[in-house]
Amino acid sequence: MSTVDQRVAALAPPRFTSPSVFSWVILVGFAAFFIQGFLSADVTLARMVQGFGNLGTFFAQAWPPDTSRLTPIAKAMLETVNMALVGVTFGVILSLPIALLCSSNTSPNGFVRWLSRMVVATLRTVPELVWALIFVVAVGLGPLAGILAIIMDTIGFCARFFSERIEEISPGPSEALSSTGSGRLSVIFGAIIPESMASLTATSLYGVEKAIRSAVVLGLVGAGGIGVELSTAMRMFRYDQALTIILVILVVVIGFEQVSSAIRRRVL
Amino acid sequence: MSTVDQRVAALAPPRFTSPSVFSWVILVGFAAFFIQGFLSADVTLARMVQGFGNLGTFFAQAWPPDTSRLTPIAKAMLETVNMALVGVTFGVILSLPIALLCSSNTSPNGFVRWLSRMVVATLRTVPELVWALIFVVAVGLGPLAGILAIIMDTIGFCARFFSERIEEISPGPSEALSSTGSGRLSVIFGAIIPESMASLTATSLYGVEKAIRSAVVLGLVGAGGIGVELSTAMRMFRYDQALTIILVILVVVIGFEQVSSAIRRRVL
Amino acid sequence: MNPIEVRGLQKHFGKVHVLRGLDFNVPAGEGAILLGANGCGKSTLMRCLIGLTRPDAGQIRMVETDVRQAGRREMKQMRRRVGMVFQRFNLVGNCSVLQNVLYGALGRHRLGILRVAQPLAPAEERDRAIHCLDRVGLADRAGQRADTLSGGQQQRVAIARMLMQGPEVVLADEPIASLDPRAGREVMDLLWEVIREEGMTVICTLHQLDVALAYGDRVIGMKAGRVELDGPASGFSADELETLYHGEVRVDGQPGEPGGSGTPQREPIAVAS
Amino acid sequence: MNPIEVRGLQKHFGKVHVLRGLDFNVPAGEGAILLGANGCGKSTLMRCLIGLTRPDAGQIRMVETDVRQAGRREMKQMRRRVGMVFQRFNLVGNCSVLQNVLYGALGRHRLGILRVAQPLAPAEERDRAIHCLDRVGLADRAGQRADTLSGGQQQRVAIARMLMQGPEVVLADEPIASLDPRAGREVMDLLWEVIREEGMTVICTLHQLDVALAYGDRVIGMKAGRVELDGPASGFSADELETLYHGEVRVDGQPGEPGGSGTPQREPIAVAS
Amino acid sequence: GPCPDTLRFADTGIEGMEEMVRAFGPFGDALGEAVGSEIEFFPVSDRTAAVNALQFDQVDIILAGPSEYAVMRARQDVQMMVGIERAEYGTAFVVHADSDIHSLDDLRGKEVALKDPGSTTGHIVPSWMLVEAGLDLDRDLNTHLLDGARFEALINRDVDAMGSGVRDVARLKERDPEGAYRVIAESDTMPRDIFVARGGLDEACVAHVNEQIMADAESLMDAILGPGERDKYTEARFVNDLTEAEFDMITEAYDLVGLPLD
Ligand SMILES: Nc1ncnc2c1ncn2[C@@H]1O[C@H](COP(=O)(O)OP(=O)(O)OP(=O)(O)O)[C@@H](O)[C@H]1O
Ligand SMILES: Nc1ncnc2c1ncn2[C@@H]1O[C@H](COP(=O)(O)OP(=O)(O)OP(=O)(O)O)[C@@H](O)[C@H]1O
Ligand SMILES: [Mg+2]
Ligand SMILES: [Mg+2]
């Protein structure tokens, strides 16, 4: 190799850069937790083999699905979709501004950002049952309390994912708009929202789906819905009825997923 | 205006393009559900005003948080984090290939894509309680069943969000890599994964947080954890203990969020 | 007072000292061409001028606003009067071409987006946008999504957006890099026509020395983060300009290594197939 | 047989008929320059050649492979032998420059990514990558993230990646658009040096007519989706090439409107401030 | 009548009353007609939520199990109404027939599946029975609140015994027809399910509703049970002889298991 070669080869970055303190902390922490968790799992093969045999018996109890209660189930499903849509719609409308406050590239300042992230994390952490209690106290039993609980849940989820996506969009277009001297809001609606539209729709529709799946909260506030049907069926050990309900939910979930990807195809 | 002006002005696209049939169906469907749901909510202001007064009394029951059981709570939290990390780790590892099969830009063909989306939707739709039952039958009570349930839940969630993000990355870099004649896998690991890394990390860490928050499933399979603590406190009307537990969860949730954004800052 | 005044401008990216004390003014109505090798800091300078990148030291006055001291309001007012054409176009990919051009008017309306969104924009703004598009030869593409245009077409849309803004000062970062020769001349003609008509002030980055000499009133040559040449275009020959690209042109050459890494080492590589 | 053979190639995007029956061959070892106005379909043609865009009709043979009929394996084998430099660089933004160049070798290794990932790549590949970078003058930037480079630097990295691939045929889409004049010449010198040494075949899109005439063995001129000029570079004057950019150059001019929208209408716009 | 125009009813998701909740529509209609108010029914699937709703006057009357009633009377102002007496209401401990556990005392050092926290027959009473048998819940054995998974856990022998509602014994055999099971302990007569009115509800109204229910007890129960589901409740009937003392054993049980209702 010529001397020039050696000079140039010396410019190659090392294969492994020693990880930063931060990476070490994360890695070691993860490993510690993971190993503890893994050991606690105590996987014994023999047990698993025998167990999987049992599954047949278990599933046999659910087959064939009992469709005798299909009409009330469908009605409950419809009610649930209605309430979920209302809750998620308001939730999404509220999530958008909150997400903008949470994102590093749209937040007015670090403190606001920190605060709104805390709020969102709290909304997410408070369990559904607690939301149910709070709203039952505040507005009484019934759909309204359920819808309010769904709104809280939606904000906790959507605001977080919206903000994540907003942080990931390429900064070019927003820089271009703000360099015409336009205000923050115009930049947001002119560049940031259009650029992240596909993701926002998908996340919102996932929110609806999520609200439907976790429709138990509607049961907690006496608003009925599919969640009550399912938990009743499970408690009565009517697995064949439960299967029917799960299948109905599955149809709706897939339906929302289809709508979601159809919209995305148009926007992306 | 000169004739040239008019010719040119005629090229302007119309202000409103009449929405497609698809848009109409979606819009009308949404409106119908939304209105029904909204009417069912039956918002009466008087009721709400009275109710909000009650909230003070309600919160007074939870204040001050009862920290007498902090040690067992912390221990339960730790166990939960352990199990959640193991479950989510495996869930994420499995989600990645599934997400690649689900995404329009990485799936080998339409049928595989459809099938894997169905599978993911099903994993998501089956309620936690059912997963708990299935795994109790299959592998017996204990952490293993809980971890398996978390894995299923994680796949249902992560695979969907991974695939969404993968569909949104800009096609340029992958086209560049595949035009060197490299195989699908190399393109995926060379361009698609690095490009969507920030989002994948954030989604995965959200997965951990989600698993911790919904740790009740661990209780259902006899694996203990923070979920049992919380639901016991709530069912026993020990709101002050419940508050302590929620605060502990909140600390962990915020911790994971901080780690998540620290990692994102490095990758983005 | 000159619309563009720069004093002792400094900028580091990490350890790389990109702008190393720049000083220059551009008087009103002048069309200045900024030349310099790749990576010498031209785009960074432009971004500092419009306040997108914060310099480390020095002073910038744009249309009488001190950019480093400006609050949000002053910054907005300044930016309204300064149009920028970005090197990488920065169009909003999934909006229509017309919408992208309408965005040029964003700063001008109090209600912002509510007055420039395609379905809401007043008829005169729409007409103006179509005319701006027509000037860059793309009026018939008004309804197409911006990201389905070819590279050169996107660059023209970016120029139309700047025209739509109707600024006093134009910062154009390689506005003709992806244009075909005729379109490039047309765009330069257009820019200079508008400058003359409106008395605009322009800084335009270019890599085409012939174009620079043909159009520029003034040439500012950057080299390794400093202004190396500065004077009326008529005072320079193409050969003089060429010196900007030779020797220590980079801002990151290892110090103490004369003739450093700026010159690529020529050594045939065995290119196996 | 020629490494590049195109017969009756047609491509529509929606209603826009972009490629309208192209026919040409490029024999081995020839350096052909592809000229044409913005939006005339040059990039689309390049993408068809390497199989990234599916044409509607016609035949394409690249290095003896029928691109439209090729299965996955054949397509991969063909692509291994054909290097592409994209108009918009298409670097992986959050990987290092070195990693981006190493990706050029992806197709060559059976284990793919496992043999070219920066920490795993064999020493000779790493050396080769550094040398390719050195050839474009960026060896000292090897460790930097690709998206922090300036526009021109990114373009050079894209060229280094192509060099790393060591292909038989090179498709370069405006490889020097964002390069400064010296870097542009150096890259063209480099390309032609490598062509000559390795007997490579090149199609290179350009908008600089002087460069086209100085370097091209052959010039292919496209206009409105068809090949309009085709012959040895020495046979054309700059004025002849200029005709490519005049008249009905666009692929989307409204039919039945002679002199259509290709020519921008010049009418001063009132640019209010 | 002395009652408001609409009476809001809820249930607390008590063990074994799911069928009844489903059939609440006809019952509500029949009762509404008798009482002269419109009955609005909220199927509240969680006892905490239902109890909370009653405390904050968001519901007028709830149908509660003994455990909930004991909690409510300790925490808030409530009025006792009529009750429902069911056959097969109580707690039983079940083990595999081939197991060597024959009494509660044999459960020392074993794993026991219970239902969910706060459940009368699935948590409070079985815990109380264990304490009565001289076992320390924290040290002498492991209890798991498994809810739905308690059957599977016993069938697979992940736990040695299950303490749950008496009706669960039949269910268990239904779930695992091949298995053989044995009951090792059963609770004494249990307090009955009870309708509870919020403290603020007019006493006259409470009395009126009680009266109307008892006057029409047979046909109201028919309305609840409906044709198909009938057999499961053949022995359920409305009763109006509940006393506070009846529920003292539950309060005591809460105390004994270390969850005092202060
Ligand atoms: N965000 C950043 N982080 C680190 N380095 C940067 C960043 N932005 C620019 N640089 C570096 O600063 C130097 C100047 O970049 P700049 O984009 O201003 O160059 P330029 O003169 O516009 O070049 P070109 O003609 O290629 O567009 C380059 O070496 C580049 O790598
Ligand atoms: N995905 C697409 N959808 C619709 N139209 C497209 C798409 N891609 C390209 N076009 C159109 O096809 C035409 C040719 O585009 P192409 O990118 O091939 O032009 P080009 O010759 O490379 O131009 P330039 O010199 O500006 O790069 C343009 O009019 C463009 O708008
Ligand atoms: Mg630049
Ligand atoms: Mg092109």
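These numbers were taken from a predicted model, which means no experiment stands behind them. In the text below, chain A, chain B and the rest are named by the order of the sequence lines, each starting its count at 1.
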Query - Value rounded to 0.5 Å, distance of CZ in D:Arg79 from OG in B:Ser182 - result: 8.5 Å

Query raised in the report: Can you name the residues of residues 200-211 of chain B that have some heavy atom under 4.5 Å away from a heavy atom in chain D?
Result: none

Query - Any residue meeting side-chain hydrogen bond (donor to acceptor under 3.5 Å, both in side chains) with D:Thr205, in chain and number order, not counting sequence neighbours - result: D:Asp173

**Report entry** Rounded distance [0.5 Å steps], CG in D:Leu114 versus OG in B:Ser186
**Finding:** 7.5 Å

Report task. Give, for atom OG1 of B:Thr180 and atom CD1 of D:Ile50, the distance between the pair rounded to the nearest 0.5 Å. Result -> 8.5 Å

Query raised in the report: Just wondering, do B:Pro173 and D:Tyr103 contact through their side chains at under 4.5 Å, heavy atoms?
Result: no

Report summary line: Pair count under 4.5 Å, heavy atoms only, with chain D: among B:Ala191, B:Gly172, B:Ser179, highest is B:Ser179

Report task. Please identify each residue that fulfils ring pair (Phe, Tyr, Trp, His ring centres under 6.0 Å) with D:Phe13, with sequence neighbours left out. Result -> none

Query - Toward chain B, the part of D:Arg47 with a non-hydrogen atom under 4.5 Å - result: side chain

Requested in this report: Examine whether an atom of D:Val85 lies under 4.5 Å from a heavy atom of chain B, and if so say whether it belongs to the side chain, the backbone or both; otherwise answer neither.
Outcome: neither

Report summary line: Answer key: most heavy-atom pairs under 4.5 Å with chain D among B:Met197, B:Glu195, B:Glu175 is B:Glu175

Please table the atom pairs, donor to acceptor, closer than 3.5 Å between any side-chain atom in residues 76-88 of chain B and protein atoms at least two apart or in another chain.
residue	atom	partner	partner atom	Å
B:Thr80	OG1	B:Ala76	O	2.7
B:Thr80	OG1	B:Ile226	N	2.8
B:Asn82	ND2	A:Gln36	OE1	3.0

Report task. Quick one: closest heavy-atom pair of B:Ala176 and D:Arg161, and the distance? Result -> CB-NH2, 3.3 Å

Query raised in the report: Is it the side chain or the backbone of B:Ser178 that comes within 4.5 Å of chain D heavy atoms, both, or neither?
Result: both

Requested in this report: Measure D:Leu91 against the heavy atoms of chain B and call it side chain, backbone, both or neither at under 4.5 Å.
Outcome: backbone

Report summary line: Smallest heavy-atom separation, B:Pro194 atom then D:Asn94 atom, equals O-ND2, 2.8 Å

